[in-house]
Enquirer: 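Submitted below is the structure of interest, expressed as structure tokens.
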There are 2 protein chains.
Amino acid sequence: MAKKRVTLAQVAHAAGVSQTAASYALAGRAAEMRISPEVEARVRRAARDAGYRPNAVSRSLRTGSSQTVGFISDTVATTAFAGHLIWGALDQARERDHLLLIAETEGDPQLERELMTAMLDRGVDGLIIASMYTRAIAVPPVLMEAPAVLLNAFPVGDEMICSVVPDEREAGCVVARTLLASGHADGICLIGASPRGEGPQGSLASVQRLEGILSVLHAARIDVAGAVGCADWQPAQGLEATRRLLAEVTPSALICFNDRLAFGAYQALADAGLEVPDDVSVISFDDDPLASWIRPSLTTVALPHYELGAAAVQVLMDQLEGRPQESAERLVRRITMPLRVRESVRGLAHDSAGDAAARGAGKLVGAAPARAHTTVQ
Amino acid sequence: MAKKRVTLAQVAHAAGVSQTAASYALAGRAAEMRISPEVEARVRRAARDAGYRPNAVSRSLRTGSSQTVGFISDTVATTAFAGHLIWGALDQARERDHLLLIAETEGDPQLERELMTAMLDRGVDGLIIASMYTRAIAVPPVLMEAPAVLLNAFPVGDEMICSVVPDEREAGCVVARTLLASGHADGICLIGASPRGEGPQGSLASVQRLEGILSVLHAARIDVAGAVGCADWQPAQGLEATRRLLAEVTPSALICFNDRLAFGAYQALADAGLEVPDDVSVISFDDDPLASWIRPSLTTVALPHYELGAAAVQVLMDQLEGRPQESAERLVRRITMPLRVRESVRGLAHDSAGDAAARGAGKLVGAAPARAHTTVQ
DNA sequence: GTGCCCTGCTGAATCGGATCAGCAAGGGAA
DNA sequence: TTCCCTTGCTGATCCGATTCAGCAGGGCAC
């Protein structure tokens, strides 16, 4: 039924030359290897006529490169809106003629090691180890067999391994600056983490966002008017935390540590009869699809998943191509988190062209085109 | 730095036997090939001591099987909540010691063909072609080189190729039956598609859900009290469609064709001063994470993404292991869409243990454990 | 004429494991 | 003693590319 695949030997035979000559001709090394133009043309024609496609497995065995990159995540691959990480990686890999082997550890270190070895055994050129939320990762020794890049994670020790992470601290700064620019000063409150260190355990994002926020406020000689930390950042916690906050102070602006918290905060504010943004501005982090669905739409600093994934592949490929990390400085690549201006902050000019346009424009400067929002189910 | 990998030849040498003997010993074919237990033990020990790991590339070249499956989707891999498709496929593949090569076509048929050949060239054992929404797919001839399964799609012609799809029609029946069981009869309205055929173009889900709904209502001698079709199924369209509906009739129950439409419908109902579920019941399809976040939480028939992905791999593996599709009947595998009972339908006992429990229970019968909802960002 | 270089190719090894065919040694039957 | 069968292993080939080393034959210089 399925006719056997054509091999290089058959092409060579058809062209009446040796396999070696055929190989050089097709590899574009004809001049270098002194294959005459006539022979080269004959080989190319024979290959085309026979529908020859080189066997990548065989090539891998000989060359040691499989044109394949491994992507191992803890939970990110299947997480609601962070699949864009993979999307970016996929696109960037394809651009360089690589495919992606993908797997998930579900947080199991044993499984993580097994998957790494399974991929290395299959000859991947490099590995990307991705984490759902920014954290420190213990790098197993087996990872040293091939180039590797940590995505959304740092090495626990001081291993010489590259990291690609969102610039959470800068995002915190942007959020604070945005509120200041829109005229807020007193009455700025935090939902999700507090200066007393309350927040989700082990979440670097929490710490760094807070750092950024406080540094800007501090420079402007402003104190937060209130803050409620949450162990988990879901809508229910946002609702509860905002209720508790409202019992004590009347905020003028809420910085929610992610969009799901903000979603809960919206409900608490509505319950209290407060209007967004007229009574209270709300700004948050992540740019969950949710953020553009709720009303008023949520101004938020986006986690640039697409760019993160793409950058990880880029950094990895650069390593593969022999550009080693120049210095310790270059070991960490921080990706800017872009502000999405919408309706939830008082006095900010909302991009009137709407979200689609905002994202479309984003694409021009390297961001992800909007897709998840335009598909039909 | 990275010490060279240990090869079978080295293991054989260390054990003082031929490479052939070592190969048979490690392959578990010692008895069959009359390798003595002592030699077998010696080889195994040598392999363990040396940290031997077989080179999968080499094995692939010889055996023709790479223990790898290709997963090509149009947009599903990176779509918000349908990454669970991949999750199911990943889990099922790992269970059978396979890894997944993943790629996206972004709907480009040219790219689709390129990716298929790229994967086939890399020796994948089989391919899964997944679609974001259930539709017909033109199967390119190159796909015939290896076993393949369509996920969420049908072949355009009558190719002998397996399909795995959600049972949309039955889901429509379940939705209708659920409303009837909770006492609704007159005043049932549709948002998203209408009996006049209005709905998103090319969406089989739309047609089949409608079919199921109408068949049950028809059997109960009930007509829909109103229906508004939408070309796109986003919150904005749900809002708009529901407004138009409310201008004409006062519904007792709304069947929304997906959760995002329902989200928009909630807003329209709230604007009209109608309470869910006391004034109007709402039921819908998909079980978007959104459905459990909004208040009142949404009763919906879930798209079983995890199960779909897992089933696709299962069907593919069965084919690989030589269980060919027995009959045309077996070419299509329909996966049940489970009802998630929540608060939005009047008079239905809501599972008081909440969503986590509902999903946890689901896992016991093979559904996906809840994860996206419990991660921290 | 002979040594040397240049052109234009080919032979054979290699990557690492799977597997078929075969071979030596030993035992039992005729 | 001869023949055959079983046991327990090994040699050699194969998978399909890449690539190094080498080899004819022609031209040119001295």
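Note on naming: letters A, B, ... go to the chains in the order of the sequence lines (proteins, then strands), and numbering restarts at 1 for each one.
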Enquirer: How long is the line joining CD1 of I35(B) and C1' of dA18(C), in whole Å?
Expert: 13 Å
Enquirer: OP1, OP2 of dC9(D) versus side-chain N and O of S36(B): anything below 4.0 Å?
Expert: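 Answer is yes, contact under 4.0 Å.
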Enquirer: Given dG22(D), dT10(D), dC20(D), which nucleotide is nearest the side-chain atoms of R34(A)?
Expert: dG22(D)
Enquirer: In whole angstroms, how far is the C1' atom of dG11(D) from the CE atom of M33(B)?
Expert: 15 Å
Enquirer: For R333(B) and Q314(B), test the side chains for any donor-to-acceptor distance below 3.5 angstrom and give the result as yes or no.
Expert: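 Yes, side-chain donor-acceptor contact under 3.5 Å.
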Enquirer: What about Q19(B), does its side chain sit under 3.5 Å from the base of dA18(C) through a donor-acceptor pair?
Expert: no
Enquirer: In this structure, how many angstroms lie between the C1' atom of dC9(D) and the NE2 atom of H13(B), rounded?
Expert: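 Going from NE2 in H13(B) over to C1' in dC9(D) covers 18 Å.
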Enquirer: Could you verify whether a donor N or O on one side chain and an acceptor N or O on the other, from D91(B) and Y306(B), lie under 3.5 Å apart?
Expert: yes
Enquirer: Using OP1 and OP2 only, check whether a side-chain N or O of R29(B) sits under 4.0 Å from dT19(C).
Expert: yes
Enquirer: What's the CG-P distance between N55(A) and dT18(D), to the nearest Å?
Expert: 10 Å
Enquirer: Could you tell me whether L8(A) contacts a base, only the sugar-phosphate backbone, or nothing, with contacts defined as non-hydrogen atoms closer than 4.0 Å?
Expert: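 The residue L8(A) makes base contact.
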Enquirer: L61(A) or Y24(B): which one's nearest nucleotide on DNA chain C is closer to the 5' end?
Expert: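 Whichever sits nearer the 5' end wins; that is L61(A).
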Enquirer: To the nearest Å, how far apart are R62(A) CZ and dG16(D) C1'?
Expert: 12 Å
Enquirer: Please figure out whether A22(B) or T63(B) has its closest DNA chain D nucleotide nearer the 5' end.
Expert: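 The answer here is A22(B).
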Enquirer: Taking atom C1' of dA18(C) as reference, at what distance in whole Å does atom CD of E32(B) sit?
Expert: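 So the two atoms are 12 Å apart, to the nearest Å.
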Enquirer: Please work out if V57(A) contacts a base, only the sugar-phosphate, or nothing of the nucleic acid, heavy-atom cut-off 4.0 Å.
Expert: nothing
Enquirer: Is the phosphate of dG16(D) approached by Y52(A) (side-chain N or O, under 4.0 Å from OP1 or OP2)?
Expert: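 So the side-chain polar atoms of Y52(A) never come under 4.0 Å of the phosphate oxygens OP1 or OP2 of dG16(D).
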Enquirer: So, OP1 or OP2 of dT18(D): does either fall under 4.0 Å of a side-chain N or O from R59(A)?
Expert: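 For dT18(D), OP1/OP2 do have a side-chain N/O of R59(A) under 4.0 Å.
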Enquirer: Using a cut-off of strictly less than 4.0 Å, decide whether S23(B) has a side-chain nitrogen or oxygen near OP1 or OP2 of dA18(C).
Expert: yes
Enquirer: Report which part of the nucleic acid T20(A) touches: base, sugar-phosphate, or nothing (heavy-atom distance under 4.0 Å, all strands).
Expert: base
Enquirer: Starting at the 5' end of DNA chain C and moving along, which residue's nearest nucleotide shows up first, S58(B) or A21(B)?
Expert: S58(B)
Enquirer: Could you go through R42(B) and E38(B), starting from their C-alpha distance and side-chain angles, then the distance that decides it, and tell me whether this counts as salt bridge (charged side-chain N to carboxylate O under 4.0 Å, His left out)?
Expert: CA-CA 6 Å; R42(B) 230 165 50 229; E38(B) 303 95 88; over 6 Å; no
Enquirer: Would N152(A) and S131(A) count as having a side-chain donor-acceptor pair, cut-off 3.5 Å?
Expert: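 No, no side-chain donor-acceptor pair sits under 3.5 Å.
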Enquirer: Is a side-chain donor-acceptor pair under 3.5 Å present for R122(A) with T68(B)?
Expert: yes
